[in-house]
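Step one of this worksheet: look at the structure below.
Naming: A, B, ... by sequence-line order, numbering from 1 per chain.
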Amino acid sequence: MEWVLIKNLKNHSGQEVEVRGWLYNKRSSGKIIFLIVRDGSGLLQCVIAKKEQPELFQLVEGITQESSIIITGAVREEPRSPGGMEMQPKDIRIISIAENYPITLKEHGVDFLAERRHLWIRTPKQSALLRIRSTVEQACRDFLNRRDFVLADAPIITPAACEGTTTLFELDYHGEKAYLSQSGQLYNEAAAMALGRIYCFGPTFRAEKSKTRRHLMEFWMLEAEAAFFDFEDNMKLQEELIYYIIQSVLEKHATDLKILNRDVEKLQKISLPFPRLSYTQAVELLRQKGRQFEWGNDFGAPDETAISDNFDAPVFVHRFPTKIKAFYMKPDPSDPGVVLGADLLAPEGYGEIIGGGQRLDDLSLLEERIREHNLPGEAFAWYTDLRRYGTVPHSGFGLGIERTVAWLCGTEHVRETIPFPRTLYRLYP
RNA sequence: UCCUCGAUAGCUCAACGGUAGAGCAACCGGCUGUUAACCGGUAGGUUGUAGGUUCGAAUCCUACUCGAGGAGCCA
């Protein structure tokens with residue numbers, strides 16, 4: 001008997017197959033029982049009539065929610081069944097009867113669910129989110145690999161802050177202070193000088209006590225870096241990547257997006273190129289909308305939402321004031337008061353999903369910036385070396401995976417876009 | 001760190017100074033096409049903790065604990 005995943009059952013209509021999974025729900029009306037079985041790929045309805053299968057009917061009455069079972073039987077198309085396919089089981093093997101399951105099909109609060117995240121991920125919406133996350137990650141790799149980018153993983157344990165600004169998680173490295181990485185970027189620059197076009201993809205850590213729906217203590221970031229890419233090349237690469245991710249998700253996840261009630265039209269109508277707005281233009285836009293904003297300040301979350309609300313596609317905001325950006329950003333040669341950096345703001349108020357730009361490639365200016373920002377010169381000696389031995393113009397960016405998935409799925413909170421979120425004040429499970 | 005809100009049955013909530021209640025889940029029974037099925041019944045509580053006000057507190061006051069949303073910071 002062939003073991004088939006529920007999502008592939010439509011290719012087996014009329015055949016007898018085996019499905020392995022868990023009982024998601026059971027509905028009985030005395031002489032007929034409907035089982036809803038899940039296997040991680042989808043939901044399958046099974047129907048058993050008492051008159052036709054008395055022993056099986058009795059067996060099934062004792063199967064509880066989330067019990068693990070292996071069922072065999074013929075599947076056929078059935079419009080009344082969720083998922084479109086239905087099985088009439090010939091045999092059901094019980095692997096394990098589940099104890100009284102805490103997560104019911106009714107509504108639950110966030111605290112209750114977060115405390116049971118290990119079980120919450122079994123529910124349809126959470127599974128759909130995680131499947132889409134997997135596709136987003138795969139699309140990132142596929143896209144960059146096709147563009148001849150080499151995967152060069154950056155370290156997680158680092159000796160010093162990359163940007164010197166944010167609060168980091170400190171750890172004891174055999175008596176020496178070390179920190180969990182908040183960005184692989186500086187290492188990426190070194191790797192790009194070795195391999196040309198590279199990316200890293202892994203978790204990053206921020207110890208700030210951020211407590212919003214857009215923040216996690218541990219989140220995943222795709223960071224790409226390319227030698228000889230200028231600012232414009234960089235933005236073009238980013239928008240093509242995002243476009244590729246959108247198309248991959250639309251193509252592979254029609255069912256999941258439906259489970260999530262996502263308005264897919266909003267994703268379908270996004271086209272290239274993405275709109276571009278300079279920081280100065282963005283400030284003007286905010287003022288037009290009646291918001292108080294002074295040139296030279298950084299945008300807050302409500303400002304970002306106000307800007308992105310003007311566009312259907314993600315929008316680049318570029319050329320920020322040099323003073324509010326990181327030390328490694330390259331000033332615009334035609335206006336040194338601003339840098340060749342850009343943030344990509346997702347539509348519908350999901351905020352910044354990419355930050356990137358052209359890097360400072362001039363040795364003396366970089367050394368000056370390191371001093372200005374009061375960064376320890378010794379710790380950055382290797383980084384300035386990159387400008388000493390064959391420096392080239394180069395650019396890169398970092399894409400926040402959870403925010404991207406939240407936007408694509410139309411989910412309120414990023415904590416649902418990662419299997420086991422690390423949020424402020426919650427380290428369990 | 002700051003601001004706002006919340007904590008009552010396993011879950012989601014009601015009771016707003018006068019005997020703690022409903023729906024769901026659990027358990028028992030009924031129902032031949034259910035869609036979070038439905039119908040009847042049973043059981044389920046030191047109202048987050050500690051103090052105070054009151055004849056009387058889930059309800060009012062104070063502190064604390066835990067959590068949520070937001071700000072700042074960021075992806």
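The residue A:Y425 sits close only to the backbone: its heavy atoms come under 4.0 Å of sugar-phosphate atoms, none of a base. Across all strands shown, A:Q45 has heavy atoms under 4.0 Å from base atoms, whether or not it also approaches the sugar-phosphate. A:S28 comes within contact range of at least one nucleobase, with a heavy-atom separation under 4.0 Å. Heavy atoms of A:D343 sit nowhere under 4.0 angstrom from any nucleic acid atom. If you check every strand for non-hydrogen atoms under 4.0 Å, A:R214 touches a base. Looking at heavy-atom distances under 4.0 Å, A:G351 makes no contact with the nucleic acid at all. Within the 4.0 angstrom heavy-atom criterion, base atoms lie near A:L216. Looking at heavy-atom distances under 4.0 Å, A:E99 makes no contact with the nucleic acid at all. Across all strands, A:E352 comes closer than 4.0 Å only to sugar-phosphate atoms, never to a base (heavy-atom distances). Using a 4.0 Å heavy-atom criterion, one finds that A:P82 contacts the bases of the nucleic acid, with or without backbone contacts as well. At the heavy-atom level, A:F112 lies under 4.0 Å from the strands shown only through sugar-phosphate atoms.
For A:H413, a side-chain nitrogen or oxygen approaches OP1 or OP2 of B:G69 to under 4.0 Å. For the pair A:K50 and B:U32, the criterion of a side-chain N or O lying under 4.0 Å from OP1 or OP2 is not met. At B:G69, one or more side-chain N or O atoms of A:R415 fall inside 4.0 Å of OP1 or OP2 (strictly under the cut-off). In this structure, A:R27 does not reach the B:C31 phosphate: none of its side-chain N or O atoms is under 4.0 Å from OP1 or OP2. When the side-chain nitrogen and oxygen atoms of A:K106 are compared with OP1 and OP2 of B:U12, none of them lie within a distance under 4.0 Å.
Here the rule is side chain to side chain contact (heavy atoms under 4.5 Å, CB included) with A:D343, and of A:Y279, A:F316, A:F320 only A:F320 fits it. When each of A:Q185, A:E218, A:M221 is checked for a side chain to side chain contact (heavy atoms under 4.5 Å, CB included) with A:T204, only A:M221 meets the rule. Here the options are A:V315, A:D309, A:D303, A:T305, the test is side chain to side chain contact (heavy atoms under 4.5 Å, CB included), and the partner is A:L345; only A:V315 passes.
The cationic group of A:R422 does not satisfy the cation-pi geometry with A:F420, failing either the under 6.0 Å distance to the six-membered ring centre or the 45° limit from the ring axis. Cation-pi geometry between A:R116 and A:W120 is not met at under 6.0 angstrom from the ring centre and within 45 degrees of the axis.
The base of B:C11 has none of its N or O atoms less than 3.5 Å from a complementary donor or acceptor on the side chain of A:R116. With hydrogens and angles left out, the side chain of A:E86 and the base of B:G33 share a donor-acceptor pair within 3.5 Å. Put simply, the side chain of A:K211 and the base of B:A68 share a donor and an acceptor less than 3.5 Å apart. Judged by distance alone with a 3.5 Å cut-off, a donor-acceptor contact links the side chain of A:S210 to the base of B:C73. A donor-acceptor contact under 3.5 Å is formed by the side chain of A:H215 with the base of B:C74.
Residue A:N100 places its side chain closer to B:A26 than to any other of B:A26, B:G67, B:G33. Set against B:G67, B:U1, B:C31, the side chain of A:K209 has B:U1 as its closest nucleotide. For A:R426, counting side-chain heavy atoms from C-beta on, the closest listed nucleotide (B:G67, B:C11, B:A75) is B:G67. Checking B:A36, B:A71, B:C31 against every side-chain atom of A:E107, the shortest atom distance belongs to B:A36. Checking B:A36, B:U32, B:G10 against every side-chain atom of A:L105, the shortest atom distance belongs to B:A36.
Pairing each heavy atom of A:V414 with each of A:R214, the nearest pair is CG2-C, 3.7 Å.
Sequence order on RNA chain B of the closest nucleotides to A:T212 and A:I324 puts A:T212 first from the 5' end. With the nearest nucleotide of RNA chain B identified for both A:V110 and A:G398, A:V110 has the one nearer the 5' end.
Stacking between A:F219 and B:A75 is present: the aromatic ring centre lies within less than 5.5 angstrom of the base six-membered ring centre, and the two planes differ by under 30 degrees.
For A:S183 and A:E223, the side-chain atoms include at least one donor-acceptor pair closer than 3.5 Å. A:Q126 and A:R117 share a donor-acceptor pair across their side chains, judged by distance under 3.5 Å alone.
Where RNA chain B pairs in unbroken runs of 3 or more (Watson-Crick or G-U, both distances under 3.5 Å), the stems are B:1-7 with B:65-71, B:10-13 with B:21-24, B:26-30 with B:38-42, B:48-52 with B:60-64.
Look at CZ on A:F299: it is 15 Å from P on B:A75, rounded to the nearest Å.
A gap of 15 Å separates the P atoms of B:C38 and B:G33, to the nearest Å.
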